[in-house]
K.L.:
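This is the structure I want to talk about, given as structure tokens.
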Amino acid sequence: MAAFDTTRTTYGSTGLFGRIGALAASVAGAFAAWNDARATRNVLSGLTDRELADIGLCRGDIDTVAAGKPVF
């Protein structure tokens with residue numbers, strides 16, 4: 001006896017609405033990351049040179065820290 005699958009379901013395919021949802025989630029994630037970097041940059045820029053030195057940073061490190069990269 002043979003069995004045939006006639007459902008035409010493709011596993012791993014999300015369809016149009018799934019792709020639109022993934023795009024919206026991607027855009028929301030990119031916006032959240034940009035906003036976090038912006039807020040970090042603003043807070044660090046508001047510190048004095050002495051306060052930055054206390055945490056081991058200088059003015060040139062602010063963009064690196066805001067981008068989420070390690071400062072050596």
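Please read all numbers here as calculations on a predicted model, not as lab measurements.
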K.L.:
Under 4.5 Å between any side-chain heavy atoms of Ser45 and Asn42, yes or no?
P.N.:
no

K.L.:
Nearest 0.5 Å please: distance from the CZ atom of Arg41 over to the CG atom of Asp36.
P.N.:
11.0 Å

K.L.:
Compare every heavy atom of Ala66 with every heavy atom of Ala37, then report the nearest pair and how far apart it is.
P.N.:
CB-O, 3.3 Å

K.L.:
Do side-chain atoms of Asp61 reach the backbone of Cys58 as a donor and acceptor pair under 3.5 angstrom?
P.N.:
yes

K.L.:
Any chain of hydrophobic side-chain contacts (each under 4.5 Å) joining Val71 to Ile55?
P.N.:
yes

K.L.:
Indicate yes or no: at least one non-hydrogen side-chain atom of Leu52 is less than 4.5 angstrom from one of Leu44.
P.N.:
yes

K.L.:
Output the distance between atom CG (Asn35) and atom OG1 (Thr40), rounded to the nearest 0.5 Å.
P.N.:
9.0 Å

